[in-house]
Amino acid sequence: MAQKKSNGIVDAYLVAYNAASFIGWAYVLIQTVLYLVENGTNLDGLFDRVGKTLIYVQTGAALEVVHSLVGFVRSSPMTVVMQVYSRLLLVWGTLYVFDYPEIRASNALVLMIFAWSITECVRYSHYALSLLNIELYPLLYLRYTLFYVLYPAGVTGELLEMWAALPHAAAIRPAFKGFLVLNMVNYPPVLYKLYTHMIRQRRKVLGGESSKPETKGAEAVESAASKKKKL
């Protein structure tokens, strides 16, 4: 797809959006680490410590769908929806709805928080700096390498959270449980699509392929200039 002309106002907005998102996720990550240092394996107060911020910061990612639809970025809206939808389901459909220790005080929640927050701290900081024409190759490398571990880790945490929510969802309405089960069944094909997409983008950005990345901004892949950096 042809590269869009630079728009100063849009670029300034995207820098602010990415920076704010980075700050939010960094806060969640730091507070989670501090909580674990202070409380060890006692997770009873973890959600009280970071839960609301986690929900709000993740909900802010819904703007990425808007960005792709209005043309601020060149991402495929469908790809962005796939990336954002499951997380919104987790934060609003399980964490917000169900106040039970097996959901809000679980190892699955810790795994999910670490996978999400590390991924997003790297992603948002990388794209904010890219929009400012600041290229840090270590950050670029992490952006297109950590997903090998963090994607499966995040998905594992998400599935375990939804599994724990099933009996409580059934108590509210059987259809609610069925809805969660349907989403769980849909995880493997969606993960495969997103995972292979990232592998292809990694080859383009780090592997020296001549084709240009497809997107820009928080949802961007990588600018052609970033390919000048080598391992």
Side-chain angles (χ1 to χ4, degrees), residues 1-30 33 57-58 60-84 87 113-154 193-231:
M1 187 178 294
Q3 185 174 354
K4 293 180 180 293
K5 293 182 179 179
S6 179
N7 184 312
I9 295 176
V10 172
D11 285 353
Y13 162 74
L14 290 174
V15 169
Y17 171 79
N18 287 318
S21 298
F22 166 76
I23 292 171
W25 282 108
Y27 176 84
V28 171
L29 178 59
I30 292 170
V33 171
V57 172
Q58 182 54 58
L63 286 173
E64 297 184 21
V65 178
V66 178
H67 296 165
S68 65
L69 289 172
V70 301
F72 284 1
V73 298
R74 291 167 294 161
S75 305
S76 163
M78 184 58 64
T79 299
V80 178
V81 167
M82 287 192 299
Q83 292 171 331
V84 173
R87 290 194 184 184
I113 289 176
F114 275 121
W116 287 7
S117 59
I118 294 172
T119 296
E120 302 299 25
C121 282
V122 171
R123 185 169 74 99
Y124 284 117
S125 60
H126 168 60
Y127 290 125
L129 292 174
S130 294
L131 286 163
L132 296 172
N133 295 317
I134 299 173
E135 300 171 18
L136 299 177
Y137 184 74
L139 198 59
L140 173 66
Y141 185 81
L142 291 174
R143 168 72 182 105
Y144 291 102
T145 303
L146 288 178
F147 77 91
Y148 281 119
V149 174
L150 295 180
Y151 270 31
K193 183 175 180 62
L194 294 177
Y195 204 71
T196 53
H197 170 76
M198 285 301 298
I199 291 174
R200 289 193 298 270
Q201 297 308 321
R202 187 180 193 276
R203 289 171 180 166
K204 289 180 181 180
V205 176
L206 300 180
E209 292 185 10
S210 59
S211 58
K212 290 185 178 181
E214 299 173 352
T215 55
K216 174 184 177 185
E219 306 83 2
V221 180
E222 178 57 35
S223 66
S226 295
K227 298 179 188 177
K228 296 177 182 179
K229 304 281 187 177
K230 299 295 181 179
L231 282 169

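Note that the numbering runs from 1 along the sequence shown for the chain.
- Of the possible donor and acceptor atoms, one in the side chain of Tyr195 sits under 3.5 Å from a partner among the backbone N and O of Tyr148.
- Between Val66 and Phe72 there is no side-chain heavy-atom pair separated by less than 4.5 Å.
- Using cut-offs of 30° and 60° on the angle between ring planes, the pair Tyr151 and Phe147 is perpendicular.
- Separation of atoms OH (Tyr144) and CG (Leu140) is listed at 7.0 Å; rounding is to 0.5 Å.
- Residues Ala19 and Ala128 approach most closely at N-CB, 4.3 Å, considering heavy atoms.
- With contacts defined as side-chain heavy-atom distances shorter than 4.5 Å, the pair Glu120/Arg87 qualifies.
- Nearest heavy atom pair, residue Leu29 against residue Ser117, reads CD1-OG, 3.3 Å.
- Looking only at side-chain heavy atoms (C-beta outward), Leu14 and Val73 come within less than 4.5 Å of each other.
- Atoms OG and CZ, on Ser130 and Arg143 in that order, are 10.0 Å from each other to the nearest 0.5 Å.
- The OG atom of Ser125 lies 11.5 Å from the CD1 atom of Ile134; values are rounded to the nearest 0.5 Å.
- The closest side-chain heavy-atom distance from Arg202 to Tyr141 is below 4.5 Å.
- Annotation: the span from Ile118 atom CD1 to Ile113 atom CD1 amounts to 11.5 Å, rounded to 0.5 Å.
- Separating the OH atom in Tyr137 from the NE2 atom in His126 is a distance of 11.0 Å, to the nearest 0.5 Å.
- Atom NE2 in His197 sits 6.5 Å away from atom CD in Gln83 (nearest 0.5 Å).
- At least one side-chain heavy atom of Leu206 sits less than 4.5 Å from a side-chain heavy atom of Thr145.
- Nearest approach of Ala61 to Tyr124, heavy atoms of both residues: CB-OH, 4.1 Å.
- Of all the heavy atoms in Ser75 and Val80, the pair that sits closest is CB-CG2, 3.7 Å.
- Counting all heavy atoms, side chain and backbone alike, Cys121 lies closest to Trp25 at SG-C, 3.7 Å.
- Here Tyr13 and His67 bring their ring centres to under 6.0 angstrom of each other.
- Within 6.0 Å of atom CD1 in Ile9, 12 or fewer heavy atoms from other residues, nucleotides or ligands are found, so the atom counts as exposed in its surroundings.
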Using the rule given for side-chain contact (heavy atoms from CB on, under 4.5 Å), can you reason through Leu194 versus Thr79, listing the C-alpha separation, both sets of side-chain angles and the distance that settles it, and then say yes or no? CA-CA 8 Å; Leu194 294 177; Thr79 299; 4.2 Å; yes
